[in-house]
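Notes follow once the structure below has been shown.
Since we're looking at a predicted model, the values are computed, not measured. These numbers come from the heavy atoms of this one structure, side chains and all, not from hydrogens, waters or symmetry mates.
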Amino acid sequence: QVQLVESGGGLVQAGGSLRLSCAASGLAFSGYAMGWFRQAPGREREFVLAISRDGFTTYYADSVKGRFTISRDNAKNTVYLQMNSLKPEDTAVYYCTADLGMHTTHTWRYWGQGTQVTVSS
C-alpha cells in the first residue's frame, strides 16, 4: 500500500519560512516523480512544484518561483518543499503527490492527506 505522509505545516508570519516533508512508503521511490499541490479555501487545487525521478528536473508554478524550492532524498524516500518569503496567499492545504511521470495536471497517481500551512499578515 502506497503512503505519502506530509509533515512540517503550521502557522507562520508573512515573510517567514517553512519546510514541508513528505515521506513515501510502499513504492519504489526513485522510480517516481514527486510533486506538491495546494488548495486554499474556496479555490481549486493547484499545482505548485514537481521534481523528476533523478532530481535533476523541476517544474515550478509562476506564483512560487524564486520563493519555493523542491528537493528529494532518494535514500530517505522523502521529498521536501522549502518555502521562503511566505505570503498570506500561500495559505492552503499542501499535498504531496507521486507518479511515474512528471506533469502539472491534477492526475497524479498517488496523493497524501495534506498538511495545513497558514500565513498570517
Side-chain angles (χ1 to χ4, degrees):
Q1 180 181 358
V2 175
Q3 284 192 311
L4 303 176
V5 180
E6 302 96 337
S7 61
L11 174 64
V12 64
Q13 288 189 331
S17 298
L18 278 176
R19 189 176 83 154
L20 305 184
S21 299
C22 171
S25 60
L27 77 170
F29 184 76
S30 62
Y32 283 78
M34 301 296 296
W36 290 93
F37 281 72
R38 67 184 181 186
Q39 186 167 21
R43 301 188 66 176
E44 293 187 356
R45 197 169 293 188
E46 65 173 351
F47 170 79
V48 181
L49 313 97
I51 189 166
S52 61
R53 290 174 287 181
D54 59 10
F56 290 130
T57 304
T58 54
Y59 291 166
Y60 289 79
D62 287 343
S63 59
V64 304
K65 278 183 180 177
R67 300 189 300 122
F68 290 12
T69 303
I70 188 171
S71 62
R72 65 189 295 160
D73 186 337
N74 285 351
K76 295 182 178 179
N77 288 4
T78 301
V79 63
Y80 304 98
L81 173 55
Q82 178 67 44
M83 304 184 292
N84 299 326
S85 303
L86 282 161
K87 305 175 181 179
E89 52 263 42
D90 294 318
T91 295
V93 177
Y94 283 72
Y95 298 90
C96 175
T97 60
D99 205 346
L100 294 175
M102 186 169 65
H103 52 91
T104 63
T105 70
H106 294 178
T107 59
W108 287 69
R109 185 170 185 178
Y110 300 110
W111 292 76
Q113 292 300 306
T115 185
Q116 176 71 47
V117 171
T118 303
V119 184
S120 63
S121 58

Go through the structure and list residues passing side chain to side chain donor-acceptor pair (under 3.5 Å) with Arg67, not counting sequence neighbours.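 Per chain and number, Arg67 pairs via side chain to side chain donor-acceptor pair (under 3.5 Å) with Asp90.
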Look only at the side chain of Thr97 and the backbone of Gly35, and say whether a donor-acceptor pair between them is shorter than 3.5 Å.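 At least one qualifying donor-acceptor pair exists.
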Donor-acceptor contact present, side-chain Thr107 to main-chain Thr105, <3.5 Å: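 No, because the side chain of Thr107 does not come within donor-acceptor range (under 3.5 Å) of the backbone of Thr105.
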Salt bridge (Lys or Arg N to Asp or Glu O under 4.0 Å): which pairs involve residues 41-53, sequence neighbours left out?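 Pairs touching residues 41-53 that pass the test: Arg38-Glu46.
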Find the distance between CD (Gln116) and CG (Leu11) and round it off to the nearest 0.5 Å.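 The CG atom of Leu11 is 9.5 Å from CD of Gln116, to the nearest 0.5 Å.
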What distance do Cys22 atom SG and Asn77 atom CG have between them, rounded to the nearest 0.5 Å?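 Answer rounded to 0.5 Å: 10.0 Å.
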Once side-chain contact (heavy atoms from CB on, under 4.5 Å) is applied, do any residues pair with Ser121, and if so which ones, sequence neighbours excluded?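 If we apply the side-chain contact (heavy atoms from CB on, under 4.5 Å) test to Ser121, skipping adjacent residues, the hits are Pro88.
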Among Val48, Val79, Leu20, find the one that has a side chain to side chain contact (heavy atoms under 4.5 Å, CB included) with Ile70.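 Passing option: Val79.
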How close do [X] and [Y] get, heavy atom to heavy atom, and via which atoms?
| X | Y | value |
| --- | --- | --- |
| Tyr95 | Gly112 | CD2-O, 3.6 Å |
| Val93 | Gly114 | CG1-CA, 3.8 Å |
| Leu18 | Val12 | CD1-CG1, 4.0 Å |
| Asn84 | Ser17 | OD1-OG, 2.9 Å |
| Tyr110 | Tyr32 | CE1-CE2, 3.8 Å |
| Ala61 | Phe47 | CB-O, 3.5 Å |

Quick one: are [X] and [Y] in side-chain contact, heavy atoms under 4.5 Å?
| X | Y | answer |
| --- | --- | --- |
| Cys96 | Trp111 | no |
| Glu89 | Val119 | no |
| Thr58 | Leu49 | no |
| Glu6 | Leu81 | no |
| Trp36 | Phe68 | no |

Is there a continuous path of hydrophobic side-chain contacts, each under 4.5 Å between heavy atoms, that joins [X] to [Y]?
| X | Y | value |
| --- | --- | --- |
| Tyr60 | Tyr94 | yes |
| Met83 | Ile51 | yes |
| Leu86 | Val64 | yes |
| Leu27 | Leu100 | yes |

Tell me whether the rings of His106 and Phe37 are parallel (<30°), tilted (30 to 60°) or perpendicular (>60°).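 Because their plane-to-plane angle is over 60°, the rings of His106 and Phe37 count as perpendicular.
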NZ or CZ of Arg72 within 45° of Phe29 ring axis and under 6.0 Å: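 So Arg72 does make the cation-pi contact.
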